[in-house]
Amino acid sequence: MKHTLAEVVEIDLHAEPSRPASAELRTLYRDESESARKHATRQGLWIAVGSYLLFSATDILLVPDVALYTIAARFAVGIIALAALEIQLHLNFSANRIDATAAAAVVLAYIGWLYPAMMTADIKSISYYMVFGAIFMMSVNLFFSFQFRLSWISSVVILLIFFVALQSFTAADATYRIAFGTFYLSCFVFTSYVNWKLNRERYKVFLNALEARIQQKEATERGKALLRLSNTDPLTGLDNRRAVDQTLRNHWNDWQNYGRSFAAILIDVDFFKKYNDCYGHQEGDRCLILVADALSTMIERYNGSIGRYGGEEFIVLARLDTTDEVAELSDAICTTVRDMALAHGQRRDGMSIVTVSVGASFTRIQSGSKLEKIIHEADRALYAAKASGRDCARLFDPNDPQSSDESENIAALLKIAIGQNLVSLVYQPIQNVVSGEVEAAEALMRLKMLDGTSVTPGLFIPIAERTGAILELGRWAIRTVCEEILVGDHARVVSVNVSPIQLKAPGFAASVAAILSEAGVAGDRLAFEITEGLEMEMHSDILRCIADLKVLGIKIWLDDFGTGFAGLSWLRLIDFDTVKIDRSFLHDSDSAKGKAMLQDIVGLIRNRGHKILVEGVETGEQLALMREFRIDQVQGFYVGRPAPAESFRSNPAMRPRLSRLRRPA
Ligand code: C2E
Ligand code: CA
Ligand code: CA
């Protein structure tokens with residue numbers, strides 16, 4: 001089993017002194033201490049040579065007759081040793097070689113002094129002077145920081161030289177020999193032992209330092225990994241929402257403090273739920289990963305960062321200087337995903353690849369601005385991109401009415417509209433072309449501001465859809481239709497416009513059933529008009545909801561047929577009772593080409609067996625044309641304008657034949 005470095009350190013730190021250290025650690029130890037050892041040896045040798053030369057003075061005092069030789073030897077050894085040391089250092093020799101040189105220098109220095117000195121005639125002096133030999137032994141063992149083996153070998157050599165010298169020192173008697181011999185021997189034993197201990201200590205210090213370093217490194221790495229984990233989206237590896245929020249705050253602070261502008265760009269994968277439903281979640285995940293990879297590579301060029309902001313939503317933050325740059329980057333995002341050409345065969349808007357909708361906002365100077373606002377604006381721009389048919393980018397435009405503060409006001413107004421009686425319904429008659437009878441009415445919503453001015457549905461309905469207010473308003477509309485018209489039998493059938501957002505909301509069909517039973521009205525007196533509009537994604541939830549509504553007896557009509565891409569595929573999926581042809585086709589029928597077009601559409605719908613209603617009949621000629629085309633029903637200003645419930649009820653032309661309305665009890 002192979003140990004990690006940390007484990008080896010741990011083992012060595014607590015090992016018995018006799019146990020040999022691991023080779024790996026030894027090498028590391030040597031490598032680590034290499035330059036420090038060279039430096040210490042160099043310093044030591046210079047000091048040692050210096051004091052060795054200074055001892056020339058004691059030579060002159062104690063052995064003057066041979067001082068010339070000893071001093072000459074001192075200088076020779078000193079100069080050679082230092083020269084050898086410096087050359088080896090210059091040639092970058094290893095610390096071991098340099099230590100060996102220093103050890104050899106000490107041994108030579110000993111010989112170079114001892115043997116000339118022993119030639120002196122002053123026996124007494126030299127017999128004392130010889131004690132200095134111990135200094136050389138101490139210096140290899142204690143003064144230098146040699147490794148134990150080198151110290152040991154060189155001190156053994158010094159010991160041997162001493163014994164050889166003692167042997168040839170004929171003037172020495174037995175007492176002298178015994179005293180000096182044991183002194184040298186014990187000097188050797190003790191200094192060697194201390195050297196061994198010092199070496200062990202040095203190694204332990206190294207191990208402790210190494211252990212501390214390893215632990216420090218592990219702690220930092222763990223910290224980094226944790227940070228990475230808490231900031232990364234596990235699926236795509238991009239920044240997660242938390243990290244994005246942090247980057248956003250940094251960008252925002254830089255914008256506030258230094259005026260460094262930046263863009264926030266929201267990216268939404270078009271029809272992604274459909275993709276998941278069709279190809280499965282695993283493929284859905286793969287799609288997100290591919291898109292994330294492609295975008296993050298591309299974003300690098302723009303000095304931006306990308307994160308995952310939610311299910312199929314990504315966000316790019318980039319420091320940019322102009323709105324042109326923001327527009328360029330936003331378009332590049334769309335193009336990048338489009339160019340990937342990932343197949344998406346289930347979308348119903350005429351395209352068959354994965355695309356994204358992009359909404360961007362850019363910092364701009366305004367009073368009382370807040371960090372959240374830039375995201376809010378990007379979200380609005382994203383909504384506009386989806387409304388423009390997706391696969392496109394929109395930059396938030398503060399001058400756009402949908403973006404204006406007024407639209408904020410309307411959003412706020414919608415929340416209180418029902419309670420404050422600001423919302424009402426008007427009814428437009430629907431006439432049977434053959435009998436001329438008013439068979440039904442369409443309920444249209446009206447909204448007043450607090451000062452009484454009215455807001456057009458074209459403005460407030462999209463806002464209600466965006467904010468979700470349409471859910472409450474929609475239920476209110478159905479309840480009101482029941483109360484105002486159906487309970488009193490003022491029309492056979494009333495059609496109500498229903499937004500796909502309502503159809504998608506859980507429990508919608510159940511809430512309609514509750515309203516009907518509360519009002520005591522049969523379901524077949526209601527028709528729901530569905531437009532192939534903004535949220536045209538034919539969600540499985542929508543299909544289920546429509547099926548539930550049909551069980552209640554409610555008729556489902558297709559509104560504004562021909563204005564979107566989805567109409568035809570919707571016809572295939574849903575069995576509509578009536579299809580309403582958008583008024584633009586009727587208004588274009590002045591020309592021969594337009595007339596032929598209308599005729600084609602009528603033929604197509606009739607072949608599928610739906611009832612046909614044409615909207616926007618404004619003149620007698622148009623009504624005549626409808627008769628010619630054998631259209632079932634018409635609606636328009638020529639037949640009757642939308643009117644409040646009371647005038648709709650009081651107009652006898654509108655009144656249905658009540659006898660036909662009575663349900664068998
Ligand atoms: P829509 O469902 O297509 O409604 C018909 C629109 O055409 C109405 O506009 C109506 O006033 C207008 N119109 C009727 N006859 C003629 C005509 O002969 N000539 C012309 N030029 N226009 C005619 P309005 O009331 O402004 O409604 C606009 C849209 O707002 C509606 O279009 C519908 O999509 C939406 N809407 C209205 N009420 C509701 C509602 O309660 N819920 C939902 N979800 N949407 C609604
Ligand atoms: Ca309608
Ligand atoms: Ca319509």
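No hydrogens, no waters, no symmetry mates; every other heavy atom, side chains included, goes into these values. Atoms within a ligand are numbered from 1 in the order they appear, just like the ligands themselves. Remember, it's a predicted structure, so these values are computed and weren't measured experimentally.
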Query raised in the report: Is there any N or O on Glu618 that sits under 3.5 Å from an N or O of ligand 1?
Result: yes
Query raised in the report: With a cut-off of 3.0 Å, does Glu615 place any N/O/S atom under that distance from the Ca ion (ligand 3)?
Result: yes
Query raised in the report: Short check: is a protein heavy atom less than 4.0 Å from atom 9 (O) of ligand 1?
Result: no
**Report entry** For Asp270, the option from Arg338, Lys386, Arg390 that meets salt bridge (charged side-chain N to carboxylate O under 4.0 Å, His left out)
**Finding:** Arg390
Requested in this report: Please could you name the atoms of ligand 1 that Glu442 approaches to less than 4.0 Å, counting only its heavy atoms?
Outcome: 2 (O), 4 (O)
Requested in this report: Check Arg446 against ligand 1 and report side chain, backbone, both or neither, counting heavy atoms closer than 4.0 Å.
Outcome: side chain
Query raised in the report: In Glu442, the N, O or S atom nearest to the Ca ion (ligand 2) is which?
Result: OE2
Query raised in the report: Does the side chain of Ile554 come within less than 4.5 Å of Leu516's, by heavy atoms?
Result: yes
**Report entry** Test item, Gly458 contacting ligand 1 (heavy atom, 4.0 angstrom)
**Finding:** no
Requested in this report: Can you pull out the closest protein heavy atom to atom 18 (O) of ligand 1? Residue, atom name and distance to 0.1 Å, please.
Outcome: Phe637 N, 2.8 Å
Requested in this report: Check whether any N or O atom of Leu425, backbone or side chain, sits under 3.5 Å from an N or O atom of ligand 1, and answer yes or no.
Outcome: no
Query raised in the report: When you measure from atom 43 (C) of ligand 1 to each heavy atom in Asp559, Thr619, Asn497, which option holds the nearest one?
Result: Asn497
**Report entry** Side-chain donor-acceptor pair present, Gln633, Glu439, cut-off under 3.5 Å
**Finding:** yes
Requested in this report: Starting from atom 5 (C) of ligand 1, locate the nearest protein heavy atom and write down its residue, its atom name and how far away it is, to 0.1 Å.
Outcome: Leu444 CD2, 4.2 Å
Report summary line: Near Pro457 (heavy-atom distance under 4.0 Å), the atoms of ligand 1 are 24 (P), 25 (O), 26 (O), 27 (O), 28 (C), 30 (O)
Report task. Have a look at ligand 1 and work out which part of Gln428, if any, has a heavy atom under 4.0 Å from it: side chain, backbone, both or neither. Result -> side chain
Query raised in the report: Can you tell me the N, O or S atom of Asp559 that's nearest the Ca ion (ligand 2)?
Result: OD2
Query raised in the report: Within Glu529, is some N, O or S atom less than 3.0 Å away from the Ca ion (ligand 3)?
Result: no
Query - salt_bridge(Lys580, Glu442) N-O dist < 4.0 Å - result: yes
Requested in this report: Give a yes/no answer: is there an N/O/S atom of Asn497 under 3.0 Å from the Ca ion (ligand 2)?
Outcome: yes
Query raised in the report: Should the pair Tyr279 and Tyr275 be assigned to parallel (<30°), tilted (30 to 60°) or perpendicular (>60°) ring geometry?
Result: tilted
Report summary line: To atom 12 (C) of ligand 1, the nearest of His587, Arg583, Lys580, Glu615 on a heavy-atom basis is Arg583
Query raised in the report: Closest non-hydrogen protein atom to atom 35 (C) of ligand 1, residue and atom name please, with distance?
Result: Ile461 CG1, 4.1 Å
Query - Met445, any N or O under 3.5 Å of ligand 1 N or O - result: yes
**Report entry** N or O contact, Asp560 vs ligand 1, cut-off under 3.5 Å
**Finding:** yes
Requested in this report: Decide, yes or no, whether a salt bridge links Arg364 with Glu377 under the criterion of side-chain N to carboxylate O below 4.0 Å.
Outcome: yes
Requested in this report: Take atom 32 (O) of ligand 1 and look for protein heavy atoms under 4.0 Å from it; say yes if you find one, no if not.
Outcome: no
Query raised in the report: So which N/O/S atom does Asp560 have closest to the Ca ion (ligand 3)?
Result: OD1
Query raised in the report: Going by an N to O cut-off under 4.0 Å, is there a salt bridge joining Asp489 and Arg525?
Result: yes
Requested in this report: Tell me, please: is Ala477 in heavy-atom contact with ligand 1, that is, under 4.0 Å?
Outcome: no
Requested in this report: Considering the heavy atoms of Pro642, write down every atom of ligand 1 situated less than 4.0 Å from one of them.
Outcome: 11 (O)
